[in-house]
Visitor: 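Got a structure here, written out as structure tokens. Questions coming.
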Amino acid sequence: MPTELTPLEKVRLEKLERLREMGIEPYPNRAERTHTAEEAKAAFLASEQAGEETGPRVTVAGRLRSMRPMGKITFAHIEDATGRIQLFLRANDIGKDRLKLFNKFFDLGDFVQATGVLFRTRSGEITVRVEDFRMLAKAITPLPPAKDEVVDGKVVRHAVLADPETRYRQRYADLAVNPEVREIFRTRAKIVRALRDFLDDHGFLEVETPILQPIYGGAAARPFITYHNQLKQKLYLRISFELYLKRLLVGMYEKVYEIGRDFRNEGISFKHNPEFTQLEFYWAYADYFKVMEFAEEMIAFVADRVLGKRTLTWQGHEIDLNPPWRRVELRQGLIEAVGIDIKDYPTAEELAAAMKKKGIEPKPNASRGKLIDQLVSDYLEPNFIQPTFLYNYPRDISPLAKAMPGDPTMVERFEGFIGGMELCNAFTELNDPLDQEARFLEMGRTYAADDEERHPIDEDYLRAMRYGMPPNGGFGMGIDRLTMIFTDKRSIREVILFPHLRERENAKPPSEVTENPTAEENNEG
RNA sequence: GGGCGCGUAGCGCAACGGUAGAGCAGUGGCCUUUUAAGCCAUUGGUUGCAGGUUCGAAUCCUGUCGCGCCCA
């Protein structure tokens, strides 16, 4: 069913038809661009410095962003990926009919190309004196006008597309009119590139492990469920890469990493998207302190590469990424922040009572580890604005981490925080297959059969570990959150090109998509 | 999941119980160095959706959909 066009769109469609009647193809196959806007300006400056009398002849192409028809001349700006350049069309140069064609049938948003010699206008702007121009692609739907005005040297954009819903649902329009949004995703790409380079330079091997997994694991999260028709088997979209990457250490790789997508069937918020990008690495013969030092070096390296400096502003906070980051031992941190020494309360009941005494309402039915996690989330994390490693975590919320020698209730694990937000999570990895099996069984007992965080036991992972897994340190970090820090964004949706939003009722896709025996399970819980 | 807020023209906004408006964009016209160009004229709306209250609803009420913020 064709979409209902707005009156503005109908006007443009009519223009398009008129162009075709005139024998002008509004969507030609090829363009003849010789210079980007930036290259054209650079070429002009070079010829100007060389003292040449006329500027270089160029063909530029881009989207029409402004038009100022003034009788027998017209000024316009086109924009390409490198920036804007002004076009100057004069009846004397191109003839009255061509000028009229441009003024009447070319609209803001259209992709056009223009050929001419570069010169400076009276106000000094480098401009193409157009000899020839051509439609490259007609825009039917008008983009938001987004006019720029320079006030006291600052660019003020008017009537800019700002509604978050429209910006996320129609990211293409957001990107088309908001150059600073385009910049976010350039920064994101630089971050990922820097991480890869850092890891590659340190001898890590980039690998790809299954996204579709018969058993999910490696994190506490609900999975998305799908189904392989021929295998007649349920498959889960991975919630982490951990268990597969560690299998590779059994296979004698010593340093492996993966950058990819994880999927978690949970709430959507300003820091959660159902699919998000994760970096995980595993490093044989390293422990969590070694990983800690490596991680802060890695982030500093990313800062050097992306920002050219190691400080940044995030939501008004000056953040210093220089190593070493602040280190807070979890037990000590809670003693100082809450006045509770978790060591004095070895059971959930005792700890809950201690919390109540302090006026803190403990989460009902929570394990000791969960209660500690509650205290950490409420009283420590929000204060970790500067880069901070919190280390030594309770064992029962860390089933894949190795216990601390001398304290079987705690494990060698740390999390990194910036801006009060959890950024990364790492441990000395558990490599004792008997302990690992015991932990899995323990988890099975801790959670009721219908608990959302209950995980099936990965027998194959245990088998791999029984073959022998070297001692190793592992690390996981959310790339989206790291990008938020580097781009000063508060919402994860600002750093994901196409974030998930609820489907609009009147925008449903064809309904035959859900031909899937397990589709209903995807909606459970 | 709970609380608060928002949804009006393509875009950014106004009107807050009494005829839905202005700007930009659009359309027609004037204009040979403009840059939110200017001047004149002008088109465009089931006020997210569905009910209710009222002589009268964009405005008040209820529900619903979507988004945002805060909390869990």
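Numbers restart at 1 for each chain; the letters A, B, ... are given by sequence-line order, proteins then strands.
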Visitor: For the pair made of CZ in Arg65(A) and C1' in rA25(B), what is the distance, rounded to whole Å?
Guide: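 Value for this atom pair: 12 Å.
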Visitor: Can Arg171(A) and Asp174(A) be counted as an ion pair, charged N to O under 4.0 angstrom?
Guide: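 Judged by the 4.0 Å cut-off on N to carboxylate O distance, Arg171(A) and Asp174(A) do form a salt bridge.
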Visitor: What is the per-nucleotide protein-contact pattern of nucleotides 10-16 of chain B, from the 5' end, where B denotes a base atom under 4.0 Å from a protein heavy atom, S denotes such proximity for sugar-phosphate atoms only, and - denotes neither?
Guide: BBS----
Visitor: Quick one: does Glu125(A) reach the base of rU33(B) with a side-chain donor-acceptor pair under 3.5 Å?
Guide: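 No, the side chain and the base share no sub-3.5 Å donor-acceptor pair.
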Visitor: Take atom NZ of Lys96(A) and atom C1' of rU32(B), then tell me their distance rounded to the nearest Å.
Guide: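 So the two atoms are 13 Å apart, to the nearest Å.
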Visitor: If the P atom of rU42(B) is compared with that of rG21(B), how far apart are they to the nearest Å?
Guide: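 Pairwise P distance, rU42(B) against rG21(B), rounds to 14 Å.
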Visitor: Choose from rG26(B), rA37(B), rU33(B) the nucleotide whose nearest atom is closest to any side-chain atom of Lys147(A).
Guide: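 Nucleotide nearest to Lys147(A)'s side chain: rA37(B).
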Visitor: Would one find a side-chain N or O of Arg90(A) under 4.0 angstrom from OP1 or OP2 of rU32(B)?
Guide: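 False: Arg90(A) side-chain N/O out of range (4.0 Å or more) of rU32(B) OP1/OP2.
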Visitor: Looking across every strand, which nucleic acid part, if any, lies under 4.0 Å from Glu9(A) by heavy atom: base, sugar-phosphate, or nothing?
Guide: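 Since no nucleic acid heavy atom lies under 4.0 Å of Glu9(A), the category is nothing.
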Visitor: Distance check, P atoms only: rA57(B) and rG29(B), in whole angstrom units.
Guide: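 It works out to 42 Å between them.
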Visitor: Can you tell me if Ser367(A) and Asp396(A) form a side-chain donor-acceptor pair at under 3.5 Å?
Guide: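 Distance-only check passes for Ser367(A) and Asp396(A).
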Visitor: Can you tell me the Watson-Crick or wobble partner of rG63(B), both distances under 3.5 angstrom?
Guide: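 Across any shown strand, rG63(B) pairs with rC49(B).
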Visitor: Paired with rG26(B): which nucleotide, if any, by Watson-Crick or G-U wobble criteria at under 3.5 Å for both distances?
Guide: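 Check on rG26(B): paired to rU42(B), both distances under 3.5 Å.
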Visitor: Looking at rU27(B), rC67(B), rU34(B), which one has an atom nearest to any side-chain atom of Asp107(A)?
Guide: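 So the nucleotide nearest the side chain must be rU27(B).
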Visitor: Rounding to an integer number of angstrom, what distance separates rG7(B) and rC49(B) when you compare their P atoms?
Guide: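 The answer is 13 Å between these two P atoms.
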Visitor: Mind checking the C1' distance from rU32(B) to rG38(B)? Whole angstroms is fine.
Guide: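 Those two atoms are separated by 14 Å.
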Visitor: Expressed as a whole number of angstroms, how long is the span from Arg129(A):CZ to rU33(B):P?
Guide: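 Whole-Å distance recorded here is 12 Å.
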Visitor: Expressed in angstrom and rounded to an integer, what is the separation of Asn103(A) atom CG from rG29(B) atom C1'?
Guide: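 So the two atoms are 13 Å apart, to the nearest Å.
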Visitor: Within less than 4.0 Å of OP1 or OP2 of rU34(B), is there a side-chain N or O belonging to Arg122(A)?
Guide: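 Checking rU34(B) against Arg122(A), no side-chain N or O comes under 4.0 Å of OP1 or OP2.
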Visitor: Quick check on RNA chain B: between Ala76(A) and Lys15(A), whose nearest nucleotide comes earlier from the 5' end?
Guide: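 Between the two, 5'-proximity favours Lys15(A).
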Visitor: Within a strict 4.5 Å, meaning less than it, do heavy atoms of the Leu13(A) and Lys15(A) side chains meet?
Guide: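 No, their side chains stay 4.5 Å or more apart.
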Visitor: Does the cation-pi check pass for Arg413(A) over Tyr393(A), that is, NZ or CZ under 6.0 Å from the six-membered ring centre and within 45° of its axis?
Guide: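 Yes, Arg413(A) and Tyr393(A) form such a contact.
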Visitor: Distance check needed: rU27(B) C1' versus Phe106(A) CZ, whole Å only.
Guide: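 Distance, rounded to whole Å: 19 Å.
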Visitor: For the side chain of Pro164(A), counting heavy atoms from C-beta on, which of rC67(B), rU34(B), rA25(B) is nearest?
Guide: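 Of the candidates, rC67(B) comes closest.
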Visitor: Contact class for Lys104(A) vs. all strands (heavy atom < 4.0 Å): base, sugar-phosphate, or nothing?
Guide: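 It contacts sugar-phosphate atoms only.
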Visitor: Taking CD1 from Ile73(A) and P from rU32(B), how many angstroms apart are they, rounded to a whole number?
Guide: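 It is 8 Å, rounded to the nearest whole Å.
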Visitor: Taking for each residue the nucleotide of RNA chain B with the nearest heavy atom, is it Asn92(A) or Lys363(A) whose nucleotide lies nearer the 5' end?
Guide: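 By nearest-heavy-atom nucleotide position, the 5'-most residue is Asn92(A).
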Visitor: Quantified in whole Å, what is the C1' atom distance between nucleotide rC6(B) and nucleotide rU59(B)?
Guide: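 About 15 Å, rounded to a whole number of Å.
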Visitor: Whole angstrom is fine here: how far is it from CG in Leu99(A) over to P in rU34(B)?
Guide: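 Checked: the CG to P distance equals 17 Å.
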Visitor: Sticking with atom C1', work out how far rA14(B) lies from rU47(B), rounded to a whole angstrom.
Guide: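 Approximately 13 Å lies between the C1' atom of rA14(B) and that of rU47(B).
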Visitor: I need the single residue from Thr487(A), Thr483(A), Asp480(A) that forms a side chain to side chain donor-acceptor pair (under 3.5 Å) with Arg188(A). Which is it?
Guide: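 Between Arg188(A) and the candidates, side chain to side chain donor-acceptor pair (under 3.5 Å) is satisfied uniquely by Asp480(A).
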Visitor: Quick one: look up who rG1(B) pairs with, Watson-Crick or G-U, both distances under 3.5 Å, and put none if it's unpaired.
Guide: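 When the pairing criteria are applied, rC71(B) turns out to be the nucleotide that pairs with rG1(B).
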Visitor: Taking only the side-chain heavy atoms of Arg490(A) (C-beta and beyond), determine which of rG66(B), rC69(B), rU34(B) contains the nearest atom.
Guide: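 Among rG66(B), rC69(B), rU34(B), the one nearest the side chain of Arg490(A) is rC69(B).
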Visitor: Find out whether the Lys NZ or Arg CZ of Arg98(A) is both under 6.0 angstrom from the six-membered ring centre of Phe133(A) and within 45° of the ring's axis.
Guide: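 That pair qualifies as a cation-pi contact.
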Visitor: Apply side-chain contact (heavy atoms from CB on, under 4.5 Å) to residues Arg264(A) and Glu275(A) and explain how you reach the verdict.
Guide: CA-CA 6 Å; Arg264(A) 297 187 182 173; Glu275(A) 52 183 300; over 6 Å; no
Visitor: Say we look at rG17(B) and rC55(B): how far apart would their C1' atoms be, to the nearest angstrom?
Guide: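 The answer is 12 Å between these two C1' atoms.
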Visitor: Does a side-chain N-to-carboxylate-O contact under 4.0 Å join Glu361(A) and Lys356(A)?
Guide: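 Result for this pair is no, no salt bridge flagged.
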Visitor: How far does the P atom of rU53(B) sit from the matching atom of rC11(B), given to the nearest Å?
Guide: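 My reading of the P atoms in rU53(B) and rC11(B) gives 34 Å.
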Visitor: Aromatic contact between Phe417(A) and Phe384(A), with the criterion being ring centroids under 6.0 Å apart: yes or no?
Guide: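 Yes, the ring centres sit under 6.0 Å apart.
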Visitor: Could you let me know what rU19(B) is paired to, Watson-Crick or G-U wobble, both distances under 3.5 Å, or none if it's on its own?
Guide: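 In the structure as shown, rU19(B) has no Watson-Crick or wobble partner.
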Visitor: Counting only side-chain N and O atoms of Arg68(A), is one of them less than 4.0 Å from OP1 or OP2 of rG38(B)?
Guide: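 For Arg68(A), the contact criterion (side-chain N or O under 4.0 Å from OP1 or OP2 of rG38(B)) is not met.
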Visitor: Has Arg129(A) got its NZ or CZ under 6.0 Å from the middle of the six-membered ring of Phe88(A), at an angle within 45 degrees of the ring axis?
Guide: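 Output no; distance or angle outside limits.
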Visitor: Classify the nucleic acid contact of Arg157(A) as base, sugar-phosphate or nothing, counting any heavy atom under 4.0 Å across all strands shown.
Guide: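 Nothing: the residue Arg157(A), judged by heavy atoms under 4.0 Å, touches no strand.
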Visitor: Without decimals, in angstroms, what is the distance between Phe119(A) CZ and rU32(B) P?
Guide: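 Interatomic distance, CZ of Phe119(A) to P of rU32(B): 16 Å.
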Visitor: Need one value for Thr121(A): base, sugar-phosphate or nothing, where a base atom within 4.0 Å counts as base even if backbone is also close, heavy atoms only.
Guide: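 If one applies the 4.0 Å heavy-atom cut-off, Thr121(A) turns out to touch a base.
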